[in-house]
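Right, one structure below, let's go through it.
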Amino acid sequence: MDIFGENVFNDAIMRERLPKATYKSLRKTIEEGLPLNPDVAEVVANSMKDWAIEKGATHFTHWFQPLTGITAEKHDSFISPTQDGRVVMEFSGKELIQGEPDASSFPSGGIRATFEARGYTAWDCTSPAFLKEDGGVLTLCIPTAFCSYTGEALDKKTPLLRSMQTLSTQALRLLRLFGNTTSTRVTSTVGAEQEYFLIDKKFFDQRMDLMLTGRTLFGAMAPKGQELEDHYFGSLKTRIAAFMHDLNMDLWKLGVLAKTQHNEVAPGQFELAPIFGTTNIATDHNQLVMDTMKKVALRHDMVCLLHEKPFAGVNGSGKHNNWSMSTNDGLNLLDPGQSPHENLQFLTILCAIIKAVDDYAELLRLSAATPGNDHRLGANEAPPAIISIFLGDQLSDIFKQLQNGGVKRSLQGEKLASGVITLPSFRKDSTDRNRTSPFAFTGNKFEFRMVASSQSISGPNVVLNTIFAEVFSQFADRLEQAENFDQALQQLLKETATNHNRILFDGNGYSDEWVEEATKRGLPNITSTVDASLVLLRESTVKLYEKHQVLSKTELESRYEINLEQYSKQINIEALTMIDMAKHQIIPASINYSTRLANSINAIKSASSAVDVSVQENLLIDLCSTLVSFKTNLSVLETVTQEATTLTSDAYAQSVYYRDVVFKAMGALRIDGDKLETIIDADLWPLPTYAQMLFML
Ligand code: ADP
Ligand code: MG
């Protein structure tokens, strides 16, 4: 309790340190979304600085989230020179509100040319400032949005804040129709479960692929993987428990509500889930979680891998984005209550969400598209690339009733029958869970399970907020005009339930039958980031985002460019890393071992002609023929990687080439490389093996 939020300029600190009027004015901006009063900034800045200096900080930074998907910082000290050659510590309101990092070296997708360098960071007072500790040094971090000179969003925070605004406006319109006159703001809330791998640092240091690309580009499968299912929820190893303890401490100091931790499915894989919060803060906190995981792991001589697929053959990592929305007076709008069939407000919101997910399935799919996630979605471990919704027994039953017009009952959970008298008896939830659904209702929230482990959760939440706001606005338009509200509502619910039934699916989402069934239903199945990116340019997308003022056409186009550019760059780096490892590690090791075999054959043969050297000879034949194939595939990869870099005139064509040609050539090279690993003497093999990396913790 004492250390929680120790490094956060949180509400308690502000109330304690700020003059009453300043505090009140700031709270108004934070809670009610009112414009920030500039006089307030001066006072807050001073108080923030005093607090930070008392804690030992000498520098501050605007902390922002450019389109790289990670965070950025540029530190300035508080010092200001005096006449007599000394310094005083200063921090002005202007420095708090606004910063001007050079915008030209961040991805802008063509919005900014290199010579147009101005970009601004602007204080986001809705997310509290905090002190980040690195090597014992504390730096005051001020969460900020990042825009270009011309006002376009160059970051992940600006559209998120915009989407939260529109969600609030449109959700309130609906609430008013149901007689709610008290709530003045609706906020989306998010709890992001984060999966990650840990490996011993000494193995990481010997793997150029992990260092440069985050995933293993070569590596034969270990004799054991996750098939025994003995890692999931297994007892924590001492080293891991110590890591998690340190991680929790650091996160609690930062005000992150780290709550749940456990071993995940794959060996060496783990998960952390915080208690949910306002989307904006949850997004900032998820960045801090990822950053802190990496740093704390190093203190324990381990490396934290956040890549979606660090190891082939075992599960990769994702992020479960639990989403709900609540009013400023504390109502969770996705809470069905005891008898959901009587809760018309809930049913209306539920129908709107279902319609939105169906209408904008491709946008949602896009929001989880990254080159790393292409390894997971649709590959039998993560939910498929097809968007569908799992409602569970109770709500599915209600949804069916809605289709027939009018609802009369809610199924209730029964008592748990364990068959043991001494075990406590309690009522089960009204529905079981479904782990394979990409979008599942889980009691009082939806869980969007496609999100990539290394990705910022901003993008997915921008889409969720915006598409829900859109359908809320459609519903409100209709209902506000209705002469007979009850009748119009029944009609609307019936119509929605009937028209969007196809998006509901309670079965096994990992099965091939579902892919077939989904095609029949006309549900989109976009399997790669490259194809998903095209959705950004669609007229319907532009219309949606412009209507809700979340992203302009220019901003969408820039995001399209960046998506493709990052895809191509990522595959290019992977290809070049593979080429390097192949040439400088795998081929030399193969030659070494083949020479050793040849020497052995010669030596034995000259010692005695009676000895059978067929084992060595067969090994040598196998090794050398695999090496020939390896070298041939290497030459192909070199050629196509070179070719890809010349296709600069069309970002789309280039990324298609990377996906269809370069990525494929990498796969072929890997097959031979992994075979060589199984032939060559362990002492000569230059790379740590899967068994070492996954099991030696
Ligand atoms: P599971 O692994 O079964 O999905 P967890 O307990 O690990 O469940 O994670 C559930 C996540 O959902 C937690 O981060 C939790 O705080 C979050 N959550 C709970 N209620 C809400 C809500 N109303 N809005 C957003 N997230 C929520
Ligand atoms: Mg989950």
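Counting starts at 1 for both ligands and their atoms, in listed order. In this chain, numbering begins with 1 at the start of the sequence shown.
The T189 neighbourhood of ligand 1 comprises atoms 22 (C), 23 (N), 24 (N), 25 (C), with distances under 4.0 Å to a heavy atom of that residue. Per-residue contacts place N332 under 4.0 angstrom from the following atoms of ligand 1 (heavy atoms of the residue considered): 23 (N). Near R435, the atoms of ligand 1 lying under 4.0 angstrom from a non-hydrogen atom of the residue are 3 (O). Listed by number with element, the atoms of ligand 1 under 4.0 Å from a non-hydrogen atom of R433 are 1 (P), 3 (O), 4 (O). Each of the following atoms of ligand 1 lies closer than 4.0 Å to a heavy atom of I275: 16 (O). With ligand atoms numbered from 1 in the order given, ligand 1 contributes 14 (O), 25 (C), 26 (N) to contacts under 4.0 Å with heavy atoms of G191.
Neither the backbone nor the side chain of K259 comes within contact range of ligand 1; no heavy atom lies under 4.0 Å.
By the ring-ring contact (aromatic ring centres under 6.0 Å, His included) test, F270 pairs with Y196, H231, sequence neighbours left out. For N328, the side-chain hydrogen bond (donor to acceptor under 3.5 Å, both in side chains) partners two or more places apart in sequence, or in a different chain, are T184.
T279 and S188 are linked by a side-chain donor-acceptor pair at a separation below 3.5 angstrom, with hydrogens and angles left out of the test. In the model, N180 has a side-chain atom that pairs as donor or acceptor with a side-chain atom of S183 under 3.5 Å. In this structure, a donor-acceptor pair under 3.5 Å is present between the side chains of D155 and T158.
Comment: R27 engages D11 in a salt bridge, judged by a side-chain N to carboxylate O separation of less than 4.0 angstrom.
Residue H262 places every heavy atom at 4.0 Å or more from ligand 1.
In this comparison of A273, A282, G277, P274, the heavy atom closest to atom 15 (C) of ligand 1 sits on P274. When E447, H320, E193 are checked for heavy-atom proximity to atom 2 (O) of ligand 1, E193 turns out nearest.
How far CG of L544 is from OG1 of T466: 6.0 Å, rounded to the nearest 0.5 Å.
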